[in-house]
Amino acid sequence: MVAKEQGGSPRVAAEAWEELFRAQVTLMRRFEATDDFAPLTAREYDVLFQLSRGPGGAMRMRDLAELILLTQPSLSRMVDRLSVRGLVERRSVPDDARGVVVALTEEGARLQREIGRRHVRTIRRYVGGALDDDELHTLGRLANKLRTAQRDL
């Protein structure tokens with residue numbers, strides 16, 4: 001007996017991925033067109049958002065790099081630019097001479113909250129406007145399942 005391939009057919013998986021990817025691209029274009037992230041870029045906002053979820057608004061640079069879709073050198077340059085703007089600061093890790101923690105400043109936390117409130121309203125308009133609550137719950141569960149299946153990265 002031949003074992004059934006887990007995860008469905010390659011074609012169905014590829015089509016589902018393409019739909020998910022195109023939906024994300026379309027929504028990101030919509031968010032950027034409405035200036036959701038101004039005065040930041042979407043990627044700069046993502047850095048502030050991820051930091052806001054860290055303990056005390058901070059996290060190690062290597063942990064932040066795992067959450068952001070940038071290479072380590074690009075993220076480091078972005079953190080430098082955000083630092084010059086007074087939105088984040090680098091701190092050394094007391095028990096690790098090579099470790100670096102990136103932390104939101106008071107201004108960075110304030111700006112993240114301001115942009116976040118605006119962005120949530122836009123998400124509600126375009127995502128919540130297209131899907132009902134049951135569909136949104138299903139989408140959330142499926143996206144989480146897909147993301148957590150990739151933990152070995």
Side-chain angles (χ1 to χ4, degrees), residues 6-7 10 13-128 130-131 135-153:
Q6 187 171 354
E15 288 172 355
W17 164 249
E18 186 65 25
E19 288 299 327
L20 178 63
F21 182 72
R22 292 292 157 222
Q24 191 265 348
V25 167
T26 301
L27 286 166
M28 286 304 296
R29 286 181 179 153
R30 173 87 65 181
F31 299 150
E32 289 172 353
T34 59
D35 285 332
D36 263 19
F37 306 108
L40 302 175
T41 66
R43 288 184 181 206
E44 289 170 334
Y45 173 73
D46 192 26
V47 168
L48 298 188
F49 175 73
Q50 295 302 333
L51 288 173
S52 77
R53 299 177 76 187
M59 64 179 58
R60 285 180 177 260
M61 186 68 131
R62 69 171 184 246
D63 296 333
L64 181 59
E66 290 179 11
L67 300 170
I68 303 294
L69 192 58
L70 289 172
T71 63
Q72 180 80 32
S74 293
L75 176 59
S76 186
R77 286 189 299 274
M78 181 179 289
V79 166
D80 288 344
R81 289 190 305 272
L82 292 170
S83 180
V84 166
R85 293 170 70 179
L87 302 175
V88 301
E89 61 186 10
R90 290 178 190 253
R91 300 178 187 156
S92 58
V93 179
D95 60 338
D96 181 357
R98 294 184 300 164
V100 175
V101 169
V102 180
L104 286 172
T105 63
E106 219 173 279
E107 176 60 15
R110 184 202 62 75
L111 184 60
Q112 186 281 317
R113 286 189 304 272
E114 176 186 311
I115 292 171
R117 284 190 294 272
R118 186 170 59 231
H119 186 47
V120 166
R121 285 191 299 271
T122 306
I123 291 169
R124 181 173 181 224
R125 185 176 329 129
Y126 295 118
V127 178
L131 304 173
E135 291 168 327
L136 291 168
H137 287 294
T138 298
L139 177 62
R141 279 193 313 276
L142 291 173
N144 183 59
K145 182 177 182 178
L146 184 58
R147 181 182 52 82
T148 57
Q150 314 312 312
R151 290 206 187 269
D152 62 339
L153 287 177

Would you find a donor on one side and an acceptor on the other, under 3.5 Å apart, between the side chain of [X] and the backbone of [Y]?
X	Y	result
R118	A38	yes
T105	L87	yes
R22	W17	no
S74	L70	no
E19	A16	no

With a 4.5 Å cut-off on side-chain heavy atoms, are [Y] and [X] touching?
X	Y	value
D46	I68	yes
L20	L146	yes
R98	D96	yes
V100	S92	no
P39	I115	yes
L51	M59	yes
L82	M78	yes

Do S76 and R90 have a side chain donor and acceptor closer than 3.5 Å?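 Their side chains do contain a donor-acceptor pair, which is all the 3.5 Å distance test asks for.
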Looking just at side-chain N and O atoms, do R141 and N144 make a donor-acceptor pair shorter than 3.5 Å?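 No donor-acceptor contact under 3.5 Å links the two side chains.
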Where do R85 and E44 land on the salt bridge (Lys or Arg N to Asp or Glu O under 4.0 Å) test, with the steps shown first? CA-CA 12 Å; R85 293 170 70 179; E44 289 170 334; 3.5 Å; yes
Do other residues, nucleotides or ligands put more than 12 heavy atoms under 6.0 Å from E18 CD?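 Yes, CD of E18 has more than 12 neighbouring heavy atoms, counting only those of other groups under 6.0 Å.
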Using 0.5 Å steps for rounding, measure from the [atom1] atom of [X] to the [atom2] atom of [Y].
X	Y	atom1	atom2	answer
R91	R60	CZ	CZ	13.5 Å
R125	T122	CZ	OG1	4.5 Å
R121	D36	CZ	CG	9.0 Å
Q72	L64	CD	CG	8.5 Å
R53	L48	CZ	CG	14.0 Å

Passes side chain to side chain contact (heavy atoms under 4.5 Å, CB included), L75 versus M61? Steps please. CA-CA 9 Å; L75 176 59; M61 186 68 131; 4.1 Å; yes
What closest approach, in Å, do [X] and [Y] show between heavy atoms, and which atom pair accounts for it?
X	Y	value
E135	A130	OE1-O, 4.2 Å
G86	E107	O-CB, 3.9 Å
A58	V101	CB-CG1, 3.6 Å

Checking side chain to side chain donor-acceptor pair (under 3.5 Å) against R110, which of E106, E114, Q112 comes through?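 The residue from E106, E114, Q112 that satisfies side chain to side chain donor-acceptor pair (under 3.5 Å) with R110 turns out to be E114.
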Parallel, tilted or perpendicular: rings of F31 and Y126 (30°, 60°):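 The arrangement is tilted - the two ring planes meet at 30° to 60°.
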How are the rings of Y45 and F37 set relative to one another: parallel (under 30°), tilted (30 to 60°) or perpendicular (over 60°)?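 Judged by the thresholds at 30° and 60°, the geometry between Y45 and F37 is tilted.
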